[in-house]
Amino acid sequence: MPADSPSHINPSDLAAYRHRLRHSVSHVMASAVVELFPEAKLAIGPPTEDGFYYDFLVSRPFSPEDLQAIEERMRRDIAVSIPFQRKELSRVEAEGQFAAQPFKLELIAGIPADEPISTYRHGIFEDLCEGPHVESTADIKAFKLLSVAGAYWRGDEKRPMLQRIYGTAFESQDALDEHLHRLEEAQRRDHRVLGRELGLFFFDPLAPASPFFMPKGALVYNLLVEYMRSLYKRYGYQEVITPQIFGTDLWKRSGHYDNYIDNMYLINAEEREYGVKPMNCPAHCLMYMNQRHSYRELPIRYADFGRLHRFERSGVTHGLTRVRSFSQDDAHIFCRMEQVNQEIADVLAMTRESFSACGLGEPRFTLSMRPEKRLGTDEMWDRAEAALRDALLASGYSFTEVPGEGAFYGPKIDMFAKDAIGREWQLSTIQLDINLPERFDLEYVAEDGSFQRPVIVHRAVLGSIERFLGVLIEHHAGAFPVWLAPVQAVVIPIADRHIEYASQVAARLESEGVRVSMDATNERMNAKVRNAQLQKIPYMLIVGDREAANSSVSVRLRSGENPGSMPLDKAVARIKEAIASRS
RNA sequence: GCCACCGUAGCUCAGUGGUAGAGCAGCUGUUUCGUAAACAGCAGGUCACCCGUUCAAAUCGGGUCGGUGGCUCCA
C-alpha cells in the first residue's frame, strides 16, 4: 500500500492528496473518452477546488448517455491496478508524440525551454502532464462525473468552444457522498426557489433579469435600506435623489460612453440621445459641482439608493445575484487624499456592523493595487494604496494584496463574505477614484484660498440590495434573522372558539411593533404549524383553551424547539428582545 | 454573446403521432382538532410563441422568446 493512501493521510495533506487524486481521475476519464471517441482532441484536464474537469474537442457534444458510458469505462480501469508512470522527454520527442494533438502542441510551445517536459502514462494512455499523480488507478476509491458544459479553449471567447466534462473524486465513498449531499444542500437553499415559496419575488419574461418584489420581499428589501439609513445617520452620510436618465453628454464626460456603452440602455427622444444610469457617480459629481465647496465641508458623503440599469448579456444573469435592474446602498465620498484613511476605516466599521446584524460571518478582503495602465503619479498611488492598506490593517480584517488588479483610476478593496455552506460572495466594494474628479474638474477651496482637487471614494457596503438579499436567503436558507423576517410571529388558534383570544394576542403584538399574523384558516393546528414552518416564521404562538384561560401563549420556534406555555407578557418581551438585538 | 439541456394547470411533474393527466396549492362544504399535511366535491391548460411536415402534432423539423448548467464578461 502506498505511503499516502487514504487510510493514513495526514489531514493537513488532504488537500494535496485530493489534488493529486482528482488530477489522476481526469486522466482516467480522458483515457475513456479517447477510447470511445477516437477522434477527440485533448485540451487540458486540471483538478479544481471541488473536483476536476477535462476539455475535449469532439465532433458532437457529449450526451448524458455518453457520460454514463465514459463512467462505466472508467470503473473498469480502476477495478484493476494500473500504475501511473512519469516520463521526461525532449521537446522534439514531445512534439512528435503529440503531433496529432494541436492543443497539446500549443501547450508544449508554451513550456519554457529550461523546464522539463513530462508525461504520465497509465495503461496505453499517455498525456502531457506535470503531475503529480497517485500511484495507480486502484487508489481511486470514489468518483463521479457531474456535468457537461461548453468552455472556450484557454478561456478566450474568440477561440474554439470545447466540450468540458466536470467530475469530482474523493478519498472515500463517504467523503464523496458528503460532497454530493452538500450540493443538494446548496440546491435546497437556492434563493430563486425560496423566493417563490416564501412569496418574496418573481421574474417575468417580459422584463428579463429584473425582479418583481412582492409585498413580503419589498418589506425585507426596505428593512435593509432602512437599516443602512440608520447607519448613515451615525456615520455622517447625506442621502440624495438623482435622475434616472441623462443626456449622453454626461456619459461622454464620465467615460462611460467609451468604456461601458455595451452595458447601457440608450433612449432617443426629440432627436437627443439619453442613457439610463448604470451608476450614480456622475450624478453625484454634478451635485458636487452645483455649489462651490470649502475644505471645511469635506468629506461630503452622498448616499443614493437610486435604481440602476445595466444591460447584462443574456446567459450571465442569475436570480437576484446578477440582474439588469437593481439598486445599491451606494455612496460617494468627496474628500482630500489625507482624509481617505479615516473614511475607509469608517466604511470597514460599517461593514462589520451590518454584516454581523445580518448574521454573516467575518468577511475576507482583497486590496487591488496599481495596474500597468493607470492615471496619476506614482506618488499619488503610493499615498492611495497606503491609505487603503493602513485602514485594512487597523480594521483587523484579514486581507490579501493583489498586484496589478486595481482599476485604472485607483486602488480598490473588495470584500468576500462566506455563507453558511462555505461559498464566497463578493459584496462590498470600496474604490478610490482620482479620475472622475479630473474629468469633472471638481475642486474645493483650500485653507490658503487656492483651488484643490478632491478625490472620490466609491463605496457600497451591502453592494446591490438585490444581490445581498439573494445571498442572505441562501445563507439563512430562507430563515431570516428575526428583525428581517417578513412575518415575525403567527398566532395559531387551535379551534374556532379560540379565534377571539388569538386576535387579542395578535393585536397586542402588533401594538408592540411586531409583524404578526393570525392563521384563522379552517385547518387543523398541525397543518397551521406546518405552514408556519414552511414559511420559516420565527415564532408560532399556539393558543387553545388553557392559554385563553390564563392569558398565555404556547411558543414554538421554527427550529422545532418548543419552549412551551408562558404568559403573553413574557412571550412579547422575548420576541421584542430578539428583534432589538438583531439576533 | 457562445456550448449543451429545458419550457405541459399557480407549483412539482407524468404523458414519443390519434379524446391533455396526477399530487400539492385554490374554491365550496363537512370537521373544531394540542405542536410539520383532516375528509369530500368542484374548478383550473391555445401543452411558451410563430412557421412547417402530416389525414392528424404536446409529441417530428425550422425559427423566436424565456429559463437552467457552464464558458466569456462583470472598467
Side-chain angles (χ1 to χ4, degrees), chain A residues 53 55 57-58 60-64 66-67 146-166 187 190 192-193 196-197 199 202-209 254-263 278-279 281 310-319 321-324 368 371 373-375 405-410 412 414 426 429 431 433 435-436 458 463-464 467 492-499 520-535 540-547 554-558 560-565:
Chain A
Y53 64 83
D55 289 346
L57 183 64
V58 275
R60 66 165 175 88
F62 297 115
S63 68
D66 294 333
L67 228 56
L146 298 172
S147 60
V148 186
Y152 299 109
W153 167 236
R154 300 234 145 155
D156 183 342
E157 65 180 320
K158 294 189 180 58
R159 308 201 61 178
M161 172 71 68
L162 309 173
Q163 292 297 312
R164 172 174 298 178
I165 303 179
Y166 282 95
Q187 227 166 14
D190 190 325
R192 295 164 303 182
V193 176
R196 186 180 55 241
E197 289 175 355
F202 69 94
F203 291 88
D204 187 285
L206 290 171
S254 69
H256 288 84
Y257 207 88
D258 290 331
N259 299 308
Y260 206 73
I261 195 73
D262 289 345
N263 288 79
M279 298 178 196
C281 19
R310 297 182 186 173
F311 177 76
E312 302 286 359
R313 294 161 93 189
S314 64
V316 308
T317 59
H318 178 91
T321 58
R322 188 86 180 266
V323 291
R324 290 181 175 152
S368 298
K373 280 182 68 180
R374 59 179 183 264
L375 293 173
E405 282 300 300
F408 72 92
Y409 51 74
K412 61 174 184 173
D414 287 316
Q426 200 207 314
T429 175
Q431 306 179 352
D433 188 343
N435 175 47
L436 277 185
H458 309 249
S464 141
R467 183 182 171 80
I492 297 178
I494 289 176
D496 286 356
R497 65 178 178 281
H498 308 123
I499 288 180
T521 56
N522 182 13
E523 289 287 352
R524 289 168 66 218
M525 181 210 53
N526 289 332
K528 295 181 187 179
V529 168
R530 178 168 194 271
N531 290 335
Q533 286 286 154
L534 292 174
Q535 288 297 303
M540 282 155 261
L541 308 176
I542 295 154
V543 299
D545 292 331
R546 295 199 292 272
E547 288 75 17
S554 175
V555 179
R556 179 191 161 109
L557 310 181
R558 63 187 163 188
E561 202 183 327
N562 194 346
S565 276

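Side chains included, hydrogens not; waters and symmetry mates left out as well; all remaining heavy atoms used. Proteins come first, then strands; the chains are lettered A, B, ... in the order of their sequence lines, and each starts at number 1.
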Close side-chain approach of A:Val148 to A:Gln163, heavy-atom, < 4.5 Å: yes
Residue mapping more 5' on RNA chain B - nearest nucleotide basis, A:Leu534 or A:Arg310: A:Leu534
Less than 4.0 angstrom from a charged side-chain N to a carboxylate O is my criterion; do A:Arg313 and A:Glu157 meet it? yes
Could you measure between the two P atoms, the one in B:A43 and the one in B:C51, and give it in whole Å? 32 Å
Roughly how many Å apart are B:G34 and B:C42, using the P atom of each and rounding to a whole number? 30 Å
What's the closest nucleotide to the side chain of A:Arg546 if the choices are B:A38, B:G34, B:A75? B:G34
Write down the atom of A:Gly406, the atom of A:Ser368, and the distance for their closest heavy-atom approach. N-CB, 3.5 Å
Rounding to an integer number of angstrom, what distance separates B:U72 and B:C60 when you compare their C1' atoms? 34 Å
Looking only at atom C1', what distance separates B:A57 and B:G69, rounded to whole Å? 30 Å
Say we look at B:G66 and B:U53: how far apart would their C1' atoms be, to the nearest angstrom? 26 Å
Less than 4.5 Å apart, any side-chain heavy atom of A:Ile542 and any of A:Ile494? yes
Can you give one letter per nucleotide of nucleotides 58-70 of chain B, 5' to 3': B if a protein heavy atom sits under 4.0 Å from the base, S if only from the sugar-phosphate, - if neither? --------SSSBB
Min side-chain heavy-atom separation A:Val555-A:Met540 under 4.5 Å: no
Remember a base hit wins even if backbone is also touched, and classify A:Asp545 as base, sugar-phosphate or nothing at under 4.0 Å, heavy atoms. base
Given the C1' atoms of B:C27 and B:G44, what is the spacing between them in whole Å? 10 Å
Tabulate protein N/O versus nucleotide N/O from nucleotides 5-10 of chain B, keeping only pairs under 3.5 Å, one per line.
none

Close side-chain approach of A:Asp545 and A:His498, heavy atoms under 4.5 Å: yes
Is A:Gln535 touching bases, backbone alone, or none of the nucleic acid, heavy atoms closer than 4.0 Å? nothing
For A:Arg546, enumerate each residue passing the side-chain hydrogen bond (donor to acceptor under 3.5 Å, both in side chains) test, keeping only those at least two apart in sequence or located in another chain. none
Is a salt bridge present between A:Asp190 and A:Arg196, judged by a nitrogen-to-oxygen distance below 4.0 Å? no
B:U59 versus B:U54 - spacing of their P atoms, nearest Å: 16 Å
Using atom P in both nucleotides, what's the gap between B:G1 and B:U64 to the nearest angstrom? 11 Å
Using the 3.5 Å cut-off, write out each protein N or O paired with an N or O of nucleotides 25-32 of chain B and the distance between them.
| residue | atom | partner | partner atom | Å |
| --- | --- | --- | --- | --- |
| B:U30 | O4 | A:Asn522 | ND2 | 2.6 |
| B:U31 | N3 | A:Asn522 | OD1 | 2.9 |
| B:U31 | N3 | A:Asn522 | ND2 | 3.3 |
| B:U31 | O4 | A:Asn522 | OD1 | 2.8 |
| B:U31 | O4 | A:Asn522 | ND2 | 2.1 |
| B:U32 | O2 | A:Asp496 | N | 2.9 |
| B:U32 | N3 | A:Asp496 | OD1 | 3.1 |
| B:U32 | N3 | A:Asp496 | OD2 | 2.8 |
| B:U32 | O4 | A:Asp496 | OD2 | 2.6 |

Salt bridge (charged side-chain N to carboxylate O under 4.0 Å, His left out) partners for A:Arg556, two or more places apart: none
Taking side-chain contact (heavy atoms from CB on, under 4.5 Å) as the test, write out the residues that go with A:Thr429, two or more places apart. A:Asp414, A:Gln426, A:Gln431
